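Each remark here refers to the structure printed beneath this line.
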Protein chains: 2
Amino acid sequence: MSRGVSRITLQDVAREAGVSLATADRVLNGRAGVRGATADRVKDAVARLGYRPNLAAARLARGETYRFCFVLPAGANVFMRMLAEQVANTANWLATNNAYIDTLRVDVFAPETLASALEGLIGRYDGVAVVALDHPRVRAAIDDLTASGIAVVTLVSDVPSSHRLHYVGIDNIAAGRTAGTLIGRFAAGRRGAVGLIVGTPALRDHAERQFGFTQVLAGEYPALKVLAAQESLDEDERTEAIASRLLREAPDLVGLYNVGAGNRGIAAAISAANRASDLIFIGHDLTEDTSRFLLRGVMDAVINQDAGHQSRSAARVLLSHCAGEPLLSEQERIRIDIFLRDNLP
Amino acid sequence: MSRGVSRITLQDVAREAGVSLATADRVLNGRAGVRGATADRVKDAVARLGYRPNLAAARLARGETYRFCFVLPAGANVFMRMLAEQVANTANWLATNNAYIDTLRVDVFAPETLASALEGLIGRYDGVAVVALDHPRVRAAIDDLTASGIAVVTLVSDVPSSHRLHYVGIDNIAAGRTAGTLIGRFAAGRRGAVGLIVGTPALRDHAERQFGFTQVLAGEYPALKVLAAQESLDEDERTEAIASRLLREAPDLVGLYNVGAGNRGIAAAISAANRASDLIFIGHDLTEDTSRFLLRGVMDAVINQDAGHQSRSAARVLLSHCAGEPLLSEQERIRIDIFLRDNLP
DNA sequence: CGTTTTCTGATGTCCGAACCTCAGAATGAA
DNA sequence: TTCATTCTGAGGTTCGGACATCAGAAAACG
């Protein structure tokens, strides 16, 4: 509200350095035609006065518009639906910041499709966020985008070997380990089998979670035996069938870890078998379903990666990269959330 | 980068509505002198075109500077030190957004001091964030600030009965319940005593955590008996003495829950008694110490409220309130984080 | 019908930085 | 010393909106 406290402007810096506004501007924007000694005087003045350029004014003057494309999986997976929703919110926010988001939904399981979709984005966008499949064709497409000057961030699932600018998502090995520790500790001394259900090992995030999980259980909870991983393709019917069979065939089943989606099917199977109270069930992604399952005691913990955070983080990374603004990388780390019945949001 | 995609400006809205720029401006800024029918035409045009005012331009034009004061406890408590540090970071960020933060450190345990410090802020700031003590004098001071047009948010510890604009912090009852469930489940069937250490019951957040914790243990884990709460004043020496005594005098001690600070003292006592591996120890606030204790297995879980999030959230709430901008309240909820050894950031 | 009163349009300035041009100063080389 | 190169200063324009002023149009009123 106050108009009293006046900011330090470039004018002030120029005066302090004993140069003109134009020169100060040249130094700060790296334009040619300033002697080293003069540039140093300006930089000194910036430091002395603690000058911070006014972001609002800079963006306005630049008058640029940034176009981003978010490439999301086509499937009807709950988490991906939530992510798409959050991307829409983010778009809304970006609209007040000279940036626009288009969303493109493609079949993630088809590397060729994904790769050519990505390549079709060249020249039409300034930045791309993609839920990527770790496949050579996709990696090549990402590198092509990067080479043509488009900023690429991977979202949720990474392609570490590519030239992507940034990965926005959790460490999935750590997430799997977290699930392992929770099951191990909740089982506390009990002996028996633990079921493991994955969507598909072709997805890097699923494979990593599985790895982290089995690593912890094998290493630290020898009383618990991890059964062979079952593929669910993230479908409720299949997870239900798998869970039912496990409950039937493994009488010593102590816990279940679902690496992917399809928790509803598992919950149904557990309820049907009347095992809600003693079977430990841990899964991923906080949704209406899973929070209900937590409250009812069917699920014991949910490991979550916040869709809203990821969407906003991707947008911030792209925006600040394109606008050449600094980024607080520490703020952009996506955390592995653990939700119990008691700390639901 | 692209200059092609042009934003929708107020100009466009005015043209679409068939009015002049001045009239469109009057409608959007609620200035008098526009007939209802005309105003509706403008609003329709806004909706049709999906006009979103350019925040950067608006702030620039307004040319206002906002002054905020963060009132933090004077003590050397680790969490509060981290919070102060994050407030400094936030100040840095705000400086590029026409806003300035001063930090004021006062003795929280003295309601009179806190209240008069708050009242001294009247007229000098546009917004105040305060780690508040829930006391009538403090509540009155907050209400005075609010009445004189200053936006007040409570930080970390709330004063629910006051007219504060917003509370930035976690639900501490839920945090206590979370600790209770973790201890209950990690103890899994064991029978015995659980020690409870609080900084001081005078702090609302400590009292609430204690309440949530005992509620869960009493209700759901009857095999675990919660011992009488011990006051530590958040000091390492006292927590160490308390923990040592509990370890000595309660041979059936299964777990320890520290509601406040001073985890270092407890860790020392546990290590000295050689009980790291079997005693369950849960505390609050992720610091260098506590994450080390997690890794070493001395602590079993840390419940955290992110200092950076809270500081930034408070700043965003104050800024958007003062600038009359909309707020995504869903984004401003502070979560109760659970950290195990495996999901440390 | 004329006269108030109430609207509306036209126009301008300002915010702080980005980016541009051009004239003149300082510097270097010949 | 002269001429060609750098530098540097001065000035302007632009971005999109906030806010102000004033003249003229339209509506309300007696």
Side-chain angles (χ1 to χ4, degrees), chain A residues 1-42 45-46 49 51-66 95-99 322-325, chain B residues 1-42 45-46 49 51-66 95-99 322-325:
Chain A
M1 320 261 187
S2 111
R3 318 188 85 96
V5 191
S6 59
R7 289 185 53 77
I8 293 146
T9 73
L10 237 200
Q11 280 284 6
D12 303 320
V13 173
R15 199 179 317 114
E16 171 84 11
V19 301
S20 76
L21 184 59
T23 302
D25 174 70
R26 288 183 185 112
V27 174
L28 267 88
N29 291 287
R31 272 186 275 277
V34 180
R35 226 173 328 171
T38 314
D40 287 345
R41 260 163 52 218
V42 173
V46 165
L49 297 182
Y51 166 72
R52 334 243 335 130
N54 182 326
L55 272 197
R59 284 210 187 138
L60 184 57
R62 244 183 249 114
E64 291 175 334
T65 315
Y66 306 105
T96 66
N97 282 274
N98 308 323
C322 288
E325 292 163 4
Chain B
M1 321 260 188
S2 114
R3 320 188 84 96
V5 191
S6 59
R7 288 186 53 78
I8 293 145
T9 74
L10 196 51
Q11 278 284 7
D12 304 320
V13 173
R15 199 180 316 115
E16 171 84 9
V19 301
S20 76
L21 185 60
T23 302
D25 174 71
R26 287 184 185 110
V27 174
L28 267 88
N29 289 288
R31 273 184 273 276
V34 180
R35 225 176 325 166
T38 314
D40 288 344
R41 259 162 54 217
V42 173
V46 165
L49 296 182
Y51 167 72
R52 335 244 332 132
N54 182 328
L55 274 197
R59 282 208 189 141
L60 185 57
R62 244 183 248 113
E64 290 174 334
T65 316
Y66 306 105
T96 66
N97 282 274
N98 308 323
C322 289
E325 293 163 4

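Within every chain, numbering begins at 1; the chains are lettered A, B, ... in the order of the sequence lines, protein sequences first and strands thereafter. Please read these numbers as outputs of a predicted model, since none were measured by experiment. Below, all heavy atoms of this structure are taken into account, side chains as well, without hydrogens, waters or symmetry copies.
One finds no side-chain N or O of B/S20 lying less than 4.0 angstrom from the OP1 or OP2 phosphate oxygen of C/dA10. Taking only side-chain nitrogens and oxygens, A/R35 never comes nearer than 4.0 Å to OP1 or OP2 of D/dT6. A sub-4.0 Å separation between OP1 or OP2 of D/dA18 and a side-chain N or O of B/N29 is present. Between A/Y51 and C/dG16, a side-chain N or O to OP1/OP2 separation shorter than 4.0 Å is absent.
Minimum atom distance to the side chain of A/A57 is reached by C/dG16, of the listed D/dT8, D/dC19, C/dG16.
Between B/A24 and B/L10, the closest heavy-atom pair is CB-CD1, 4.0 Å.
With rounding to whole Å, A/R31 atom CZ is found 15 Å from D/dG9 atom C1'. Atoms CZ (A/R26) and C1' (C/dA17) sit 15 Å apart, rounded to a whole Å. Put simply, CZ on A/R52 is 15 Å from C1' on C/dA17, counting in whole angstrom units. Separating the CG atom of A/N54 from the P atom of D/dG17 is a distance of 16 Å, rounded to the nearest angstrom. With rounding to whole Å, B/R62 atom CZ is found 13 Å from D/dA20 atom P. To the nearest angstrom, P of D/dT21 lies 17 Å from CG of B/L21. Rounded to whole Å, the distance from CG on B/N97 to C1' on C/dA17 is 15 Å.
Within 4.0 Å (heavy atoms only), B/G324 reaches no atom of the nucleic acid at all.
Judged by closest nucleotide on DNA chain D, A/T38 is the one of B/L10 and A/T38 placed further toward the 5' end.
For B/D12, the salt bridge (Lys or Arg N to Asp or Glu O under 4.0 Å) partners are B/R15, not counting sequence neighbours.
Within 3.5 Å, no donor on the side chain of B/R59 pairs with an acceptor on the base of D/dG16, nor the reverse.
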